[in-house]
Structures are given as structure tokens and as C-alpha cells.
**Student:** 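Questions regarding the structure given below will be posed in turn.
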Amino acid sequence: MECYIGIDLGSTTTKAVILDAEGRIVGRGITNSRSNYDVAAQVAKQEAYTNARFEMLSRILRDETGVDKEERESLESHLTAAYAHECFLGQLSRLEQHCRTDLDNPRFDDDRRELLQSVEVIMQGIREHAHRNFQPSATARSDFFRDIAGAAFIDVAAEISRGGGPAFDKLVGMFDRNIIPVENEQETRSFSELLTAAYGRLPDGLRSSVAGLPDTLKAVADTPMEEVRTVGTGYGRVRLPFPKDCIRSEILCHGLGAHLMFPATATVLDIGGQDTKAIQVDAQGVVTSFQMNDRCAAGCGRYLGYIADEMNIGLHELGPLAMASKRRVKINSTCTVFAGAEFRDRLAAGQEREDIVNGLHRAIILRAMSLLARSGGIKNEFTFTGGVAKNPAAVRALREVGEENYGELILNIAPDSIYTGAVGAGTFAMRDVAAGVGANQEAA
Amino acid sequence: MTTAIKDASQDRQKTMIAEHFGKLSRAKEDGRKVVYTFVPGNLTELLLNFDLLPVLPEINALQSGMRGKTGDYIQLAEKSGHSEDVCTYVKADIGMLKSGNIGPTGEKLPDPDLLLLSYTGCFTFLKWFELLREEYDCPVVMLHVPYQGDGKITGEMRDYVVGQIRDVLIPELEKLSGKKFDEDRLREDLKRSAKAEDDLVWVLESAKHKPSPIDAYFGGVYYIGPIFTSFRGTEDAVDYYQLLRGEIEERLAQGLGPITPDGVMEEEKYRIVVEGPPNWTSFREFWKMFHSEGAVVVASSYTKVGGLYDRGFRHDPDDPIGTLADYSMGCYTNLNLPDRIDLLEKYITDYDADGFLINSVKSCNSFSAGQLLILRELEKRTGRAGGFIESDLVDPRYFSAANIKNRLESYFQMIEAKRTKG
Amino acid sequence: MTISAGIDVGSGAVKVAIMGVEGGVEKILGSYLERIRRRNVMDVVDESFESALRDAGVRRDQLAYIATTGEGDLIPWRTGHFYGMTTHSRGALYLDPEARAAIDIGALHTRAMRFNEAGRVLQYQMTSQCASGSGQFLENIARYLGVSIEEIGPLSLNSDNAEKCSSICAVLAETDVINMVSRGVSTPNILRGIHNSMAVRIAGLVRAIKVEGVVLMTGGLARDAGLIAALQDKLKDGAAKLAVRGHELSVYAGAIGAALWGAFRHDKLTHQEASSGGT
Amino acid sequence: MSIAAPPQTQATGRLGEIIALAQSLYEDIAFKAVADWKAKDKTRRAIGFLPVYVPREVIHAAGGLPVGIMGGGDMTEIVRGDSYFQSYICHLPRSVIELLVSGRLDSMDGFLFPSICDVIRNLSGMFKLLKPDRYVHYFDLPQNFRSNLGGTFYVSELKSVAGAVSAMTGTPVTDERLRESIKVYNANSRAMNALLELRIEKPWLVPAAEYYLLLRAGFLLPVDEHTAMLNEYTLLVQQSDRRALDNIRVMVRGAFCEQPPVALLRTLERAGCYLVDDDFVVGSRFIPDPIAETGNPWDALADAFMHHSLPAASVYDEKHEKAKKLVDRVREVRADGVLLMAPSFCDPALLDQPMLQEALEQAGIPFTSFKYSEDTGQFQVIREQAGTFADAIKLWGTV
Ligand SMILES: Nc1ncnc2c1ncn2[C@@H]1O[C@H](COP(=O)(O)OP(=O)(O)O)[C@@H](O)[C@H]1O
Ligand SMILES: Nc1ncnc2c1ncn2[C@@H]1O[C@H](COP(=O)(O)OP(=O)(O)O)[C@@H](O)[C@H]1O
Ligand code: SF4
Ligand code: SF4
Ligand code: SF4
């Protein structure tokens, strides 16, 4: 299969999509951006390939086996969860390894034994957490190893130090130091190895539910996927590990991506981790004007991240929590770093958690509104993209504020909205190849 | 900064300025009195009438900016209690004062014998001289110039200003200088002003040609120098503008583009109208962002802060005091927002510009408050590409070259896109 | 002996100091610090208060005054509350009797204050709505770089070629740091770069209050030798009469100062009562 | 320093009702009260004016209702307002534009922009463009204070406003009517002074937030209703059982235009500061002494503005006596210190500060300064600053 790849190296997350020769999205991958762009891009791409193969599997199961829908879905979700679990355990054992090696440092001479013991307890704790978390029915707090493992790490560490073990700070410091190398290493096992391992984790009943499942899995794993061209975009684009002519500005990519997803798009709002963009596009998806936040990250996605951290809940849970609010609390400061303090203040003042969180969402949207206003207002159709578009409370606030001020809106949000920039980039890759421009892509 | 600009007129101007500062440095020994005052709507001819020497703190601030001194000056002022938020011209001036009041030629500027607070088009002027008054033991005279809020100069406004000039200013200046007001001399000086003004207008309007022989913003700030400052009404100014006009006539005949610090501009790719003052601390770098892209500024509002001569105003020797009043009330910063927009719109069409660009400076509320509405209105009315960048006059902390360059590049691309489409 | 407690509730950590004052001699009897890290503040307060009492070997009923500072006015069982700059100045003076100014860099705010030989605050300046250059910011960066807070200082001191850090926003600076790492800039050079940019801002505050003489760093970041070095560097030129110092107990300055003011107030009140024959 | 958490000054009964009314007027950013007032009589007209000072007598005499437009406070969500102003311009004009474009100023038949700064000045032009069908006037206040120059000019401005409002209402401003209006406003300013005196004497009876809300009510209510409100409040509050706290007495300067949020005032009081004098909504008492009720009323108004008004950063200090007046006032109200609080990005207020600071320093009066904006939501810094300020004075007494 011919693959065109778009990679969006965001400030918070790195997204990759794979487009087939017809420009359909066949795979998506996302990972958190990190200090090593190469790795981030590789990991996202790898994830996208994995995702593409799972989609392939899904198609085969649907079209080529007689298995009924319910059973098929059960199999797929189990297999996906088991695959993720497998990857997680791989990373976890690397984390453990790094923690142990780290403790060889002479400055731990005094309490090495205690710390090593704690590591053991913590790892065991995380494994147990993971066991629950990777049930097909479980809703994950986050997609990323750092977040899932980190939260569990903190929980167990707090317990240990409360019980008279090493100081909490010391334990958590261990995580902070060692998560970095883990993130910067890639999974060493191949897709096929991981898939086989995941297959091994399936309950017996499921394993035999489809005749010849192992062969099907092998076929999926062996299907060749050929990377024709990759185009990169995003915050880190000046440092992208790509040849210069395979790089596009994120504004252009977002505009085009939104246009492709919703051809009648006139205005695009993208709220990412550290930046917010308001873009106006014409009928061909060409950007006509735009505004971005400069110099200050107030009111971006990262803000929600800090709040979720503060409450020790997952990003996914934040929106639903806010949706439960019935009152509106007005929040004025959107400085990302102050968010936690403001949250605590308000709690102390007796305000409800969900109302505060709801207010925080509205505050973000209000910030975005001023960028939108500066770029020329909201015109129909209006497409909302970026990570924050996944958040139902942010969407609700956007719709409310938008309609109060600009009348009725056609508000588009694609399930793939976080991939908008990557889709734009992938499409530029296709167009470049079609037009015969651009580099030969060995380098990527 | 002017090494590459070798026109005779430039040399001439330099000499004039050097002479002026020379006079200033000798003022005390020569027994000449010094008056500090502001540029917009200034009363140069009136000061000339009493042989007073003007010092323009705004010009000092901008020149300090060009010489890279303002960063320190501003910090010094902030250290003494000035807020980060306020106009940096004021802070640069206060900082310069605190560092010994060394002028652009390296000589110490004389202390003022009078602060002439001609209050035209900006409230900050008022505070500025209230602050200077704390430092110098000298009188302040206020000339309150009412704003053209409703877009016109009413009889009451004119009477008010004329009355102040006649009943307040002239007596004070007479007292200070020990000289009597000489109306005939004023008429003679005003005649010379008008003559120089004719030539200036011709020069500015030469930008209507394609390609334009001048850059009416980056080059323009040099062309307006003498007439906006201390030379109006002098023979020097008349000569300078004749010389300048001759040079431009020459360029026009040869079909040449403007001179930039990096040589003659090759191809005129974009014709732009600019609103707002330039940045001084990175003036050359800023200019380069334009000329290296083939962008020529064909008209600008900043070059009208010292008078809207191209809209027909001339100093009128037949009504000497009235004309000074009209001049004070008529400069660009005293126009209301709707009139500013009309004027810019007219420039865009008259000079056949591809687009307009606003350089919004943090310091100057007088210019900046409302510029985003100007942008939108002009886009709507002219359908041409509008651009918006932000910087500051003399605060190096607010000039982000990468940011501005980025915006300018996308802006020029937008013009290109508009062209290929329609 | 008058025994008093000072509780400094910060946005990053709770600090408690137990002080004894007798005949003009002030002594620190016990102390405790606990970082909050996403836990309920009041629980952390209770825990740290008990631990500090244990450390001092003092019973609760022996305390003449429980003084709070920082966000501590939320504690219902306090005797009185003093504001941060009042307490940090007093604490700084206790820790370093030569000090005539203090710079307190906490998790979110930076403050600079000038005081006299009696600990009376004369002038002060504080950062406002923006968290750039704060402890939280440094903490985020450290987490990104995978170094623990304690290592920041020593690493930064090892820098040979400090990187220029332009971003003023605590959040955007993270991205800057990512860029530096991917360009292969070493961790010490990144940290020193960040320290330098923080120092510029802090120096601005210090200049604004016209300090001369010894300046003591208080608050959590006083433990950061790298920041102190950067600040010493920045303040060297121009104001030659400045000496920036740290103290190993600097982080307790607020708590110490609160306890001392509490004791002072207690003595004053009992004195008043005594002289007025009680009420 | 506070020994215990200060008890919340809760107003109950009739006093509570008055405060509740003032609060609801303050929160009425859609100016419903104005629409209601107009609905009672088809010929009624309301004229909105921006801070600082506008002689409301003239509008009143022409049968109009002068309504203060003091910004959107922290109650207005800024959606489009930000698109009209760069980040380095103060907050007030954004919320005012927001109110305008969202239709919340529709009940105003005209707008006056007194000359206090370039931002307000340019805002007048923006209103002209955005509301071409309304009366929009930049009301130029003289900076020359001679009656034959500034005075004459000012009277011409007054007459131009009177003419415009009269044309809307059909009520010409005769000298007689204008004198009557001056009387009505003099009564208001007497009520205001009585309250201010009480506050200076017993600040615990008149909490800053309540005082502030009452001031704001005066910019919305018809003047006689407001006078009655003030008188009733002043009477009732003296009968209340409010007790004094261990707070210091401070005076506020610099807040003449963009208004701080009410929560900020409460924060200051909680941090241990009684506000005994301030320049909030300064236009409501800009001319403290009664204006001449006989003679030529136009000249009386001009004379009052030019020679009997309070100092403000936007008025030229011709006699060079601003510093002295400040120090005198501190002594007069027996303030322990001064809070110089100015709106962020406000050139007039911030450029004034160094001069005021110098004067206070010379006089040995403690002061502290900070910036705010009308939608400031984080008070920690301000609380710390004010609290430390109060601590210092309490622990060590005044100078
Ligand atoms: N499932 C989710 N639910 C809610 N918010 C999310 C979710 N996933 C991501 N986000 C938000 O999106 C932000 C990242 O958005 P993204 O567009 O990936 O940013 P960038 O392009 O700058 O890396 C995060 O900070 C987070 O707030
Ligand atoms: N050794 C250290 N080096 C650098 N930073 C430190 C060190 N120890 C503590 N900190 C920082 O100090 C901050 C806490 O300081 P503190 O004065 O307690 O703040 P607050 O009073 O706001 O809670 C934290 O942000 C932490 O990152
Ligand atoms: S505000 Fe503008 S016009 Fe006024 S002094 Fe500053 S730069 Fe000049
Ligand atoms: S306010 Fe907060 S988000 Fe904005 S620049 Fe400052 S630290 Fe960054
Ligand atoms: S707050 Fe200051 S700058 Fe803003 S409108 Fe008012 S006076 Fe002007």
C-alpha cells in the first residue's frame, strides 16, 4: 500500500496520519512531544502504522469472516487493549530498569535499600493499576505512558511515605528523572511480535472465536506499507527532522486540513497545548488571515493540563466534570501557571469543583474569542480543531459564546480534529508528489 | 546610519542640525534663551521671532533610540519609579536627563529657560512637562490646543487658541527674551515657511509616480526633519527643500527607485501606505525588511504629524497668529479617527497602493488606540490587503525582529495572493 | 521563655518554625517543611505542624502564639496572621543580622523587600499576574530535563556557556527548552540560561526598591546556588554595594518571621494587659 | 495584621435593601434601569458619559438623564472588545466597546467623551464610526484656566452639549433651568459630603465596597433619588451596630478612570486597610463645594471646574500645587498612608505617580503602589502588598 504521511509536531503532542493513494485517512498516531523530535516523530508514525494495521484487521474481520458484529467488536477491543497493555508493560519495565540503574549513584548510598524496595512496591502497584486500566471497558485517563504511569506512581509513592517510607519528594524525583530516557527510547519489539504477545493475552474464548485468527493476524502484520512522502508541520517545525521542502507552516496545514474535513469551512479555531490560532480560509482552503497568541500561553490547552494535574484527574475527565456544572463561575486569570492556585483559592472560598472547572473552560474560550475577533470574527461554517476540541465542555462553551455573539453557527468538530494539521501536511505530501516537486525522501 | 545615503541634501541637513546643536551648546555663553517644546503643532516661527532656541525632547528621544541609548535610559527612568506601561519617549527623555542630558552630538544640552507646553494631539505631553518641571527651575507655559473631535475647527476653538497665543504666549516670550513681538518679521518668516512647504509637498507627492523615486516613510522621516523641527521659517529650510526637490526631479527623470541604506532599490514590487510611527531602535533593520522584499512606502501618516501640507494647508503670512493656531489644530495627531481613516483611504487610492500596513507602537496611545478599527474600516472600504505589526518607538524590548519579519513576509504573500486572484 | 510557632503556607510548600524568645535572644527550636504536591493543603498543614512540634520537643499548649503567613489566614486555629513580606523580612534579619533586604522567590511569586535593623519593612516590590521566572516555572523545566530540584543549583554552577533563553512565559519556555535539548545544549547550560533570565527580572525588582548592602535570598529558591550565582552576577555591575547571600534555612524565613512577630505581639499584649492591670 | 478573621459586615433590614439596590444597579451592565426610566415617558432621553468629569447639570437641565459609563467591570465577558485594542491599552475601552457592539448601550441617545486621555479621545471617534446615527461628542475640557480664554471656550462647549441634548428632548436650557439643576446637584453633593465626613470619622460604619456602590448608583439614578438614597443610608448606618477593627486608615489615589472591581476593595479592607478617602468615580464629587446658585449659571459651572475642582491626573496642574494638596489631604483625613493604585497601561495615572511618590516621601507619609484592571481576578499580590503595608503601620505605628 502507498502511504502519504503528515506529521504535526505540536508543542504538547505529536500527531501523524497516514493517507492512502486516494487521500483517505487510514492510520492515526499520537504521542507526547518531547525533547527529542526525531523520536517523537518516529513514535507517532509508528503508532499511525499500528493503527492502520488494526483498521486493516477490522476490515478483514468485517468483510472476510462470518463473525457477528458483537463478537467482532469484543475481539477487536480486547486485542487493542491487550496490545496497548503489552506496550505499556514494555515501557514500564524500562522505567524500572532506569530507576534501578539510577540508584547506583553514590548519592543514594545512605538509603539505597529502602529506595530499591520502594521501587519494587511502586512497580508492582503500577502493574496492578495497569491491569485494571487496560481492560477493554476501562476509560483511560490519558493515552500516554507518562501520564498513566506517573499518576499511579504518585499514588503509590504517597502511600509509601505516609507509611513511614522514604520522603515523597525523593520518590517522585525518581520518576521525574527516569521518565525522560524511557520516553526517548523506542519500542524494540516489532508490530508482529507485539501483536503475537497481545494475542497471547486474549481470553481463550476469544482466541478461538474466529477461525484461522493467527493467520489473519500474520497477514495483517506482513502487508507491506510503502512510505511515499512525508511532510511535517507544527510548532517545532524549524527543528523538524525533515528536508526543508517537506515542511509547511502550521497555519497553512491547519487551514487546509480543516477545509478537507469540512469543505465549507470559513473560520477555523485551533486550540492546542501552547498556542491558539484563529484562521480564516477561502473556498479553496487557502488562508486569508490569521491570529495567534504571542509571548503568552494563557488560556491554551496546557492550562487544562495543569488543572487536571492539580486535581489529580485525567484530561479526559475534565470536560465531563465541567458538564455537570449548573452554575457559572467567572474566572478572569488565564495564566496557565496560576491556574492551579486560582483553583485552590476558589475551592477554599467554597465554590464547587465542577463550577470552577466549568468557569475555566469558559475562560479559555473567551481568550480564543478575542483572537477570533481579531482575525475577522466567526463566519459559517466554523470548524474547531486541536486537542481541546475533544473536550465537550470547551465545545459547549464555544457554541454558547459563539452563538451569543455571532448568531447561529454551523460548528464542525471532526472526531479526528486533533489530526487536522497532520491531515493538511499529508495532503501537501500527496500534492507535492503529484506535482513532481520536493525532495527525494530518503532522509526522513 | 546615513553612510550609504550620499545625497547632497542629506549632507546639507546634517550640517544644519550640527549647527543647531552647536548653538545650543553655546547658548548659555551666548546669552541665548532655550525653550523646550513639542513637535506636533509647534510654534517654531514664533520662537524665531524672539530669537529663542528650541529643543525638542521628542527628537532627542528618537535620536537616542537610533544611537542605541534608549534601552539604558528607559531602565533608568523605570528605576526611578516610572511604570513599564507608559510612553517610552518620556522615559527615554527622563533617563537621558538623569545621565547628564548629553545630546545627539555628544555635547550637553542646555537646561530650559522655559517649557512651552504646546498641547497638541497627545495628553502625555502634559505629564511630560509636569515631570520636567520637577527637574528644572523654570516656568511652564501651556498652550491648550483643542482636539478636532467633531472633525472640524470651530470658530470657538480658533478664538481660544489665538487668544492664548496673543494673551499668554507672546507676553511670556517677550518677558523671557526681553524682545518685543515683531509681527512683520513673523510675516516674513511665514512666507519662507510656505515656500519650503510647497517643495516638501512636491517631494512627497512624487511617490505617485511608478516606480516611486522616494520612500515616503523610511526616507520620508528625513525629508520632514527640517520642516517639522527648528528650521521652519528659515532660509536654510528653503534651500534644503529646493535642493531636495532638485534631486528627486533628477531621480524621476532617470526612472530610479528610492535610495536605501543598502543602495538603490531595484524593483518596486509592492506599493504600501503606512500608518503609525516607525521603530527607531532598529530603524535600519526595519527598513530592510521592506526594501529587501521590494516594498516601497508611497505615503504615510507619520510624515504628517507636523502638518497636513498635502491637504492644502500653508502657513499664511496675511494672518500670522491665526495661521499658527490653524497649524496647531490641523496636524495629523489632532484629527479624529474618522478623518484619519478618510485620509488613509485617500492615500491608498491616490497613490495606487497595493495595501496598507499599520505599525502599532506600544508607547503612543494617541496613535495606537483605535488602529485595529482603522485596519478593519480600510479593508472594508478599499478591499486591499491590510497588515498589522506591533513594535515600539524607542524601547528595544518591544522590537521582536523575528516576529515582525514573519508577519511582514506573510503580509507580502497575502498581497501577492490577492493579485493573482483578482 | 516565650515559645511561638510560625506557619508559612505557600503555593508550593508548607513551612513551620517553632521559636523560643527569652531576654532578647531568639532561638529556633524546631522546623519542618512539606511540599504540597497536589494534596489537600490543610492535611499537609496539620501534618507539618505536628512534625515541627515533635522536632522541637514542644507541646501545643506551650505555645504562646501561633502566627500564620502566606495563605495561612485560612487556618482557623491561628492566633494571628502576618503578611508575607512582613514575615520574610523579619525572618531574613534573624537568619542574617547584616541583611537589609530580602528577595523571596516562591513557587508563584517573587518579592523584594528592604527593611531596617529592626526588621521593619521600608519598601517592597512584587511580581504580578504573570508567573514567568517563578519557582513553579523552574520546577517545570527541571521536570522536563529530568533533574530533581536539588540538582538544579549544582548543575547550573557547572555551566561553561550559558544558553540565551528568550521566552518570558513560563509555559512557552518549556518549548524553548525542548528546542535547546534537541540542539544538543547541555543541561547545565540550559539551566544557567534560565537562571540568567530569571536573574534579570529579579534584578529589576531589586533595583526598584533601591537596595544597598546585604540581600538575603529567602524562600524555596534560596537553596538554588545557581540562581544565587546568576543574581550575584547580574547585580554586580552598577550597584557595587550589593551582596547577595543565601542561608541554609532560608526557606523557613517566612515561618521564622511569623513566629517572631507572634512572640513580639504576644509580649506586647501581655505587657499592655499587665500595665493596665488586666481586663 | 489581623487577630481574627474580620467579621463580614452584613447589612440587614432597610440598610441591606439599599445596598442590594446599589449592587443591582452596579451589576446592571445592560443598563436596564435606564431603559425602564425611559419607558415611563416617550420623550425621555439618556446621555451616556465616560469617566471622569462631565457637568451633569447641563444634561439634567435639558431634561436628559446623565448616565455614567464606567466600563464593564469584572462582569463583562470580553468577546469582541479585544479585537479593537492592542494588549498594551488599558481595559476600560474594551469593555465599553463590548457593551456597545453587544447592544447594551442601546438605551443611550448620546455619548459624551470628556477629555481625559488619548484612549478616551480616540474612543469617541470609534463610537462615531460604529454608531453614526447617535450623538457622539468629544467634550473638551479647558487646560487654560483664565475665564476669558479657557472659561469662554468651556462655556461654548457646555452650550454645544446643551443644544444637542435640548434638540433631543425639546427642552431648551434656560438660565433659570440650569440654576435649578445646579441646586439639585448641590443637594446631592451635600449628601455626598456628609457621607464622606462620616466615613472619615468612623470608617468601620461605611465599608469601602458599600461607599463605592453608592457612588456608582449616582451615575445611574436620577439625581434626587440618589440624594435620598445617600441620606437614608447615612442615617441608618449610624444606627447600626458595626464595630471598629484593628485596621489602618489609608487614602487611595490614581483610580480616577478605569474602576477597580468591588472584590478588590473588599480585599483591601480584609487585608487591614480602611479606605478613608479615595478618587474612585471621582466625577461624582469632582466639585466638592456647592456651585453658585445665583448669577450666570454657565459661568458658575466654568468657574467651578476651573477653580474649585479636585486635582486629577488629566487636568493640567497650572499652579504646581498638586503635591501640596495631596499631602494636605492626607493630613486632613488623618490617613496613616496612601495607596497609589492605578489602572494598568493608564498613562495619566502612571505618569503622575512618580510626582505623587516624591511628595509623599518628602512629607514622610508611607505609601505603596500597585496596578489593577477592572477585571483583575487574582488578588493575592494586592492582598500581600496591602497587608504588608498595614502590618508595618500596625507593628510600628505611623512614622
Ligand atoms: N482527550 C482529551 N480531552 C480533553 N482535552 C484534550 C484531550 N486530548 C488532548 N487534549 C487537550 O489538547 C491539548 C493538546 O492539544 P494539541 O492540539 O495536541 O496541541 P499541540 O498541537 O500544541 O501539541 C492538551 O493540552 C489538552 O488540553
Ligand atoms: N534546592 C532547590 N533548588 C531550586 N528550587 C528549589 C529548591 N528547593 C525548593 N525549590 C523551589 O522552591 C519553591 C517553593 O518555595 P517556597 O518558598 O516554599 O514557595 P511558596 O512559599 O510559594 O510555597 C518550589 O517551587 C521549588 O521548586
Ligand atoms: S504618547 Fe505618542 S505623541 Fe505622546 S509623547 Fe508619547 S509618542 Fe509622543
Ligand atoms: S501570564 Fe502565565 S501564561 Fe502568560 S506569559 Fe505569564 S506565565 Fe506565561
Ligand atoms: S484608564 Fe487611563 S488610559 Fe485608560 S481610558 Fe482611563 S484615563 Fe485613559
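Chain naming here is simple, since letters A, B, ... match the order of the sequence lines and numbering starts at 1 in each.
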**Student:** Check step by step if side chain to side chain contact (heavy atoms under 4.5 Å, CB included) holds for D:I78 and A:L366.
**Tutor:** CA-CA 7 Å; D:I78 305 298; A:L366 285 171; over 6 Å; no

**Student:** Does anything in residues 254-267 of chain A get under 4.5 Å of chain D by heavy atoms, and if so which residues?
**Tutor:** none

**Student:** State, with a plain yes or no, whether a side-chain heavy atom of A:K330 is found less than 4.5 Å away from one of D:M75.
**Tutor:** no

**Student:** Taking non-hydrogen atoms and a cut-off under 4.5 angstrom, which of residues 368-402 of chain A neighbour chain D?
**Tutor:** A:M369, A:S370, A:A373, A:R374, A:V401

**Student:** Test side chain to side chain contact (heavy atoms under 4.5 Å, CB included) on A:N405 and D:E77; report intermediate values, then the result.
**Tutor:** CA-CA 11 Å; A:N405 287 282; D:E77 289 182 337; over 6 Å; no

